[in-house]
Every structure is written in C-alpha cells, then in structure tokens.
Amino acid sequence: MSNWTRVLAAVLLPCLLACEANTRRDLPATRRADRDEDAPAPYQAEVDEGIGAAVAILVDTSGSMRDEAPGDSRPKHVVARDALAAMLDATDAFVARRPDFPIKIGLYSFSSSVRTLHPIQPYNREAIHRALASLPRPGGGTAIGEAMREARPDLYRAGMFRKYILVVTDGDNTSGRSPDQVARDIWRRSDGSVQVYFVAFDTSPEKFAFLKSAGGDVIAAGTGGELRQALDGIYQGHILAEREPVRK
C-alpha cells in the first residue's frame, strides 16, 4: 500500500464510521416520524363549540328486532322505541331546570345500511317522537360499526363540547366495519371526547366488552323493563348528570 493510500484511509475511515453511527442514531427517529405521518389525524370540530351535549342515538332495526321481546308480547323494535321515547322525556325537565345547557339529539336506524331519521338538532319533543315513530320495520343485517361511523361526524358539527353515541342492539355485527375497530378509532382520534354507550338488548354484553378499553360501557337488558332501566341509567345517570369539563 502506498503512502498516499494510507493517508486516504486514515482520513476517510473515521468519516465513514461517524456517518454510519449517525445514520443508526437517526433511524429510529425517522421511523417514528413515518409512523406519526401515517397515523390518522385527530378529529376537528367543524363549528365553534360551547357548553352542552350532543347525543347520537343508534337503533338496531335488523331482522331479529321483529322477534318478541322476552317477558313481553310486543316485538323488540316496538319495546325499544317506547323505551327510548320514555328515556328522552326526561329531557323536558332537564331543559326547564338548565336552560343554559342545550341538549341536541339525533336519531339513526341501522340494519344492513344506515338511515338518518333525525339530524342532530336542539331537543324538540314533538320532532323526536315523530322520528321514533318513523323507525323502519325490522329487516336485514346489523351494521353497528357503520352506524357509528355515520353518526360520528355529525357530533362534530353539533357545536357541543360533550358528545355521546348511544347504541341499542340485540345482536352481532354482520355488515360493514367491526364496532370494535370503529369504537377504538373514535376513542383515539377524539382524544376521549366522544363517549360510547351500548345497551345489549336480549343478547350477551360480552360481545361488546371491547368498549371498556375504548372509554365506553355496555349494559345488559334482558327484558323490556330492564331496557327502560338501562336507558334511563345512561341518559339521566351519565349524559344529563355529568358536569361540563373545564376548558382552558
């Protein structure tokens, strides 16, 4: 090896080693940056938000909801409709007591597809009862996850700090995205701002145990009476009772 070659080697080798070390140190940070860029963006409100609560009510109208409710001579869809009407009647007393705290309600039905029966609007007793009366007759599959995805953006157009999804269902998801996947996505991208409650009507609540790890909850209701109790507990015990969070 010539003297000139030895000089080049002495100069270049440390540089090459230093570059390699820097590349190794930078690689994890680069990968983290790539993951951050690929991660779904947080939800953003489409309007200015203020004090109040927006509630999206999702009602299962799949084929199994035409079956007779346990302990009742009426079909499950009728029992669910009447229980929801009774639940929402509590809003009148709340609004009279707290006129400074607006409540907005939206109603959606889902079978194999999703229908918006009443867009999320300030509570109006007559309008919401008309919407409940328009629930379609049961038939088709059960698109729980798709119903959640349909309602979620409407909550961010409602202008309320507090946002809720309330699902009444009697079965497994059979169409579209998994509610497990959708619930976790909503919890993560809303930073916990959207609370999700399920009432498992005449079905096992274990199907929806994933809600516990997505900031939500599920309550079992085996009969019409238990359904009414479960809905009242969620609506009056949580949605209307929770204090408004302090926003800085």
Approximate separation, where rounding is to 0.5 Å, of [X] [atom1] and [Y] [atom2]:
{"X": "Ser178", "Y": "Glu146", "atom1": "OG", "atom2": "CD", "answer": "10.5 Å"}
{"X": "Leu135", "Y": "His77", "atom1": "CG", "atom2": "NE2", "answer": "9.0 Å"}
{"X": "Leu84", "Y": "His129", "atom1": "CG", "atom2": "NE2", "answer": "10.5 Å"}
{"X": "Phe201", "Y": "Ile219", "atom1": "CZ", "atom2": "CD1", "answer": "14.0 Å"}
{"X": "Gln121", "Y": "Lys104", "atom1": "CD", "atom2": "NZ", "answer": "9.0 Å"}
{"X": "Asp180", "Y": "Ser213", "atom1": "CG", "atom2": "OG", "answer": "7.0 Å"}

Could you state whether [X] and [Y] fall into the same hydrophobic cluster, counting links through intermediate Ile, Leu, Val, Met, Phe, Trp or Tyr residues with side-chain heavy atoms under 4.5 angstrom apart?
{"X": "Val79", "Y": "Phe110", "result": "no"}
{"X": "Val218", "Y": "Met87", "result": "no"}
{"X": "Val194", "Y": "Tyr108", "result": "yes"}
{"X": "Ile234", "Y": "Ile120", "result": "no"}
{"X": "Ile57", "Y": "Val182", "result": "no"}

If you compare all heavy atoms of [X] against all heavy atoms of [Y], which two are closest, and at what distance to 0.1 Å?
{"X": "Asp89", "Y": "Tyr123", "result": "CA-OH, 4.3 Å"}
{"X": "Arg66", "Y": "Gly63", "result": "CG-O, 3.0 Å"}
{"X": "Val114", "Y": "Ala143", "result": "CG2-O, 4.4 Å"}
{"X": "Ile51", "Y": "Phe161", "result": "N-CD1, 3.9 Å"}
{"X": "Ile128", "Y": "Arg125", "result": "CG2-O, 3.3 Å"}
{"X": "Arg188", "Y": "Asp185", "result": "NH2-OD1, 3.0 Å"}

Any side-chain heavy atom of [X] within less than 4.5 Å of one from [Y]?
{"X": "Leu155", "Y": "Ser193", "result": "no"}
{"X": "Arg74", "Y": "Asp82", "result": "yes"}
{"X": "Leu231", "Y": "Val168", "result": "yes"}
{"X": "Leu88", "Y": "Tyr235", "result": "yes"}
{"X": "Asp217", "Y": "Val196", "result": "no"}
{"X": "Thr61", "Y": "Arg137", "result": "no"}
{"X": "Pro75", "Y": "Glu68", "result": "no"}
{"X": "Tyr156", "Y": "Ser190", "result": "yes"}

**Request:** Determine the interplanar angle of the Phe208 and Phe198 rings, folded into 0 to 90°, and report it as parallel if under 30°, tilted if 30 to 60°, perpendicular if over 60°.
**Result:** tilted
**Prompt:** When you look at CD of Glu226, are more than 12 heavy atoms from neighbouring residues, nucleotides or ligands closer to it than 6.0 Å?
**Reply:** yes
**Message:** Other residues, nucleotides and ligands only: do more than 12 of their heavy atoms fall within 6.0 Å of CG on Asp191?
**Reply:** no
Give a yes or no answer on whether the side chain of [X] reaches the backbone of [Y] with a donor-acceptor pair at less than 3.5 Å.
{"X": "Asp60", "Y": "Ser62", "value": "yes"}
{"X": "Thr116", "Y": "Pro119", "value": "no"}
{"X": "Ser112", "Y": "Gly141", "value": "yes"}

**Asked** Going through the distances and angles, do Thr142 and Asn173 end up as a side chain to side chain donor-acceptor pair (under 3.5 Å)?
**Response** CA-CA 5 Å; Thr142 313; Asn173 192 80; over 6 Å; no
**Asked** Ion pair present between Glu49 and Lys163, side-chain N to carboxylate O less than 4.0 angstrom?
**Response** yes
**Item:** Step-by-step side chain to side chain contact (heavy atoms under 4.5 Å, CB included) determination, Arg149 to Arg177
**Value:** CA-CA 9 Å; Arg149 290 185 71 249; Arg177 289 172 175 81; 3.1 Å; yes
**Message:** Out of the candidates Asp232, Asp202, Val199, only one should pair with Leu227 under the side chain to side chain contact (heavy atoms under 4.5 Å, CB included) rule; please name it.
**Reply:** Val199
**Request:** Apply side chain to side chain contact (heavy atoms under 4.5 Å, CB included) to the pair Met160 and Phe101, showing each step before the final yes or no.
**Result:** CA-CA 10 Å; Met160 302 287 99; Phe101 194 94; over 6 Å; no
**Request:** Would you please say whether a donor-acceptor pair under 3.5 Å links the side chains of Ser64 and Asp170?
**Result:** yes
**Request:** Please report the C-alpha distance between Leu107 and Val59 in whole Å, then the side-chain angles of each, then the deciding distance to 0.1 Å, and finally whether the side chain to side chain contact (heavy atoms under 4.5 Å, CB included) criterion is met.
**Result:** CA-CA 8 Å; Leu107 183 67; Val59 186; 3.7 Å; yes
**Prompt:** Taking it one step at a time, do Ile165 and Tyr197 satisfy side chain to side chain contact (heavy atoms under 4.5 Å, CB included)?
**Reply:** CA-CA 6 Å; Ile165 293 176; Tyr197 292 98; over 6 Å; no
**Message:** On the six-membered ring of Tyr43, is Arg152 placed so that its NZ or CZ lies under 6.0 angstrom from the centre and within 45° of the ring axis?
**Reply:** yes
